[in-house]
Amino acid sequence: MTSSMGVTFVIRVVFLFCNSLFVLMGVAMVAIGCYLKIGGSEYLDLLKADDYNTATALMIAAGIIVFVVAFIGCLGGWIENKCLLSTYFISVCVILALEIAAGVIGLIYKSQLDAKLQSKLMEGLRDPNKKVAWDNVQSKEMCCGVNNYTDWLGYADSANPNAIPNSCCSGPRCGDQGGEVAYKIGCYVKGKDLIRDNFYMLGAAGIVLGVLQVILLGTSLAYVICLRRDQMV
C-alpha cells in the first residue's frame, strides 16, 4: 500500500465513522418527532393542533432527509463512488445552509414567539374545549391562568364570578374561595421557561450537528480528491 493509498484509507475510515453518527442523528430526529407527535406535552394541548402538527411533521421530514443523505454518503464511501460522494457533498451543503437560515430566523423571531405563546394561551383559556387540558397543566405545573388567577375570573364559573378552577389551587372545591388560595405563578411563565430550556437544548444540538456536518464536508471533499488522485496514478 502506497502512502497516498494509506491517506485515502484513513480519510475513508474517518468519513464513514462521522457519517454513521449522521445516520444516527437522522434516526433520532425521526424518533423524537414521532414521540412528540404521539405523546406531546400538556402545554401543547392548549395551543392549536395545526401549529404543533406542522412542527413535528417538519422534524420528522428533516430526520428522514438527513437519514437518506447520510445513507447515500455511506454507500458512496463504501463502494468509493465519486458521483454519489459528490451528490452527498452538495446535499450536506444545502442542509447546512438551511440549518443556518433556520437558526437565524429562530433568533430573530424568538421574542415574537413569547408574545405569540401568551396570546395562544389566552385563546385556549377562553375555549371550553380546552378545559381538561388547562386542568392538567395547572395541576401538574402548579400554576394558574395565563398571567395569574385573574384571567379566570368570570370564566371558571358563571354563577360565581370570583371562582377559579379547582386545578388552580390545592384542596377539594378550593376554587370557590377565589384568588386567596390560587397558585401565584401564571402558566405563561412556566411555558416560557419550558420553551427557553428547549430552545437552548435545540441550539446545542444544532451546534453539534453543524460541527459534524462541517467535518463531513471536509472529509467527503478530501475523499473524492484522493480517489481521483489514486485513479490517476
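Counting begins at 1 with the first residue of the sequence. Quick caveat: nothing in here was measured; it's all calculated off a predicted structure.
Annotation: salt bridge (Lys or Arg N to Asp or Glu O under 4.0 Å) contacts involving residues 175-184, sequence neighbours excluded, comprise Arg173-Asp176. Sorted by first and then second residue, the pairs that involve residues 11-29 and meet side-chain hydrogen bond (donor to acceptor under 3.5 Å, both in side chains), not counting sequence neighbours, are Arg12-Tyr223, Asn19-Tyr88. Counting only residues at least two apart or on different chains, no side-chain hydrogen bond (donor to acceptor under 3.5 Å, both in side chains) pair has a member in residues 60-77.
Linking ILVMFWY residues whenever their side-chain heavy atoms come closer than 4.5 Å, directly or via other members, places Val30 and Ile72 in the same cluster. Residues Phe22 and Phe17 fall within the same hydrophobic cluster, defined by Ile, Leu, Val, Met, Phe, Trp and Tyr side chains chained together at heavy-atom separations under 4.5 Å. Linking Ile, Leu, Val, Met, Phe, Trp and Tyr whenever their side-chain heavy atoms come within less than 4.5 Å puts Met25 and Val214 in one cluster. Leu125 and Val132 fall into different hydrophobic clusters, where Ile, Leu, Val, Met, Phe, Trp and Tyr residues are linked whenever their side-chain heavy atoms come under 4.5 Å apart, directly or through other members. Hydrophobic clustering (ILVMFWY, side-chain heavy atoms < 4.5 Å, transitive): Trp134 and Met142 are in distinct clusters.
Pairing each heavy atom of Gly186 with each of Cys143, the nearest pair is C-CB, 3.8 Å. Across all non-hydrogen atoms, the minimal contact from Tyr188 to Asn147 is CD2-OD1, 4.2 Å. Shown here for Ser220 and Phe89, the closest heavy-atom pair between the two residues is OG-CD1, 3.4 Å. Taking each heavy atom of Cys169 and Gly175 in turn, the nearest pair found is SG-N, 3.5 Å.
In this structure, the separation between CD on Gln138 and CD1 on Ile185 is 13.0 Å, given to the nearest 0.5 Å. One finds the CG atom of Leu85 at 9.0 Å from the NZ atom of Lys82 (value rounded to the nearest 0.5 Å). In this structure, CG in Asp151 is found 8.0 Å from SG in Cys144, a value given to the nearest 0.5 Å. To the nearest 0.5 Å, atoms CD (Glu80) and SG (Cys226) are separated by 10.5 Å. Interatomic distance, CG of Leu217 versus CD1 of Ile95, reported as 9.5 Å (0.5 Å rounding). Annotation: the span from Thr219 atom OG1 to Leu16 atom CG amounts to 9.0 Å, rounded to 0.5 Å.
Here the side chains of Asp135 and Pro165 are in contact, with some heavy-atom distance below 4.5 Å. With a 4.5 Å cut-off on side-chain heavy atoms, Leu153 and Ile164 count as touching.
Between Cys174 and Cys168, the gamma sulfurs sit at a distance of 2.5 angstrom or greater.
For Phe67, the CZ atom is loosely surrounded, since the number of other residues' heavy atoms within 6.0 Å does not exceed 12.
None of Ile65, Leu96, Val69 except one satisfies the side chain to side chain contact (heavy atoms under 4.5 Å, CB included) rule with Ser91; the exception is Val69.
For Cys18, the disulfide (SG to SG under 2.5 Å) criterion is met by no residue, not counting sequence neighbours. Annotation: side chain to side chain donor-acceptor pair (under 3.5 Å) contacts of Tyr149 (sequence neighbours excluded): none. With sequence neighbours left out, Arg126 forms a salt bridge (charged side-chain N to carboxylate O under 4.0 Å, His left out) with no residue at all.
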Could you give me the CA-CA distance, side-chain angles and deciding distance for Val66 and Val23, then say whether side-chain contact (heavy atoms from CB on, under 4.5 Å) is met? CA-CA 7 Å; Val66 168; Val23 171; over 6 Å; no
For a side-chain contact (heavy atoms from CB on, under 4.5 Å) check, start with the C-alpha distance between Ile215 and Phe15, then their side-chain angles and the critical distance, and finish with the verdict. CA-CA 8 Å; Ile215 295 174; Phe15 170 75; over 6 Å; no
I'd like to know whether Glu141 forms a side-chain contact (heavy atoms from CB on, under 4.5 Å) with Cys187, so could you lay out the CA-CA distance, the side-chain angles of the two residues, the decisive distance to 0.1 Å, and finally the verdict. CA-CA 8 Å; Glu141 301 295 335; Cys187 296; 5.6 Å; no
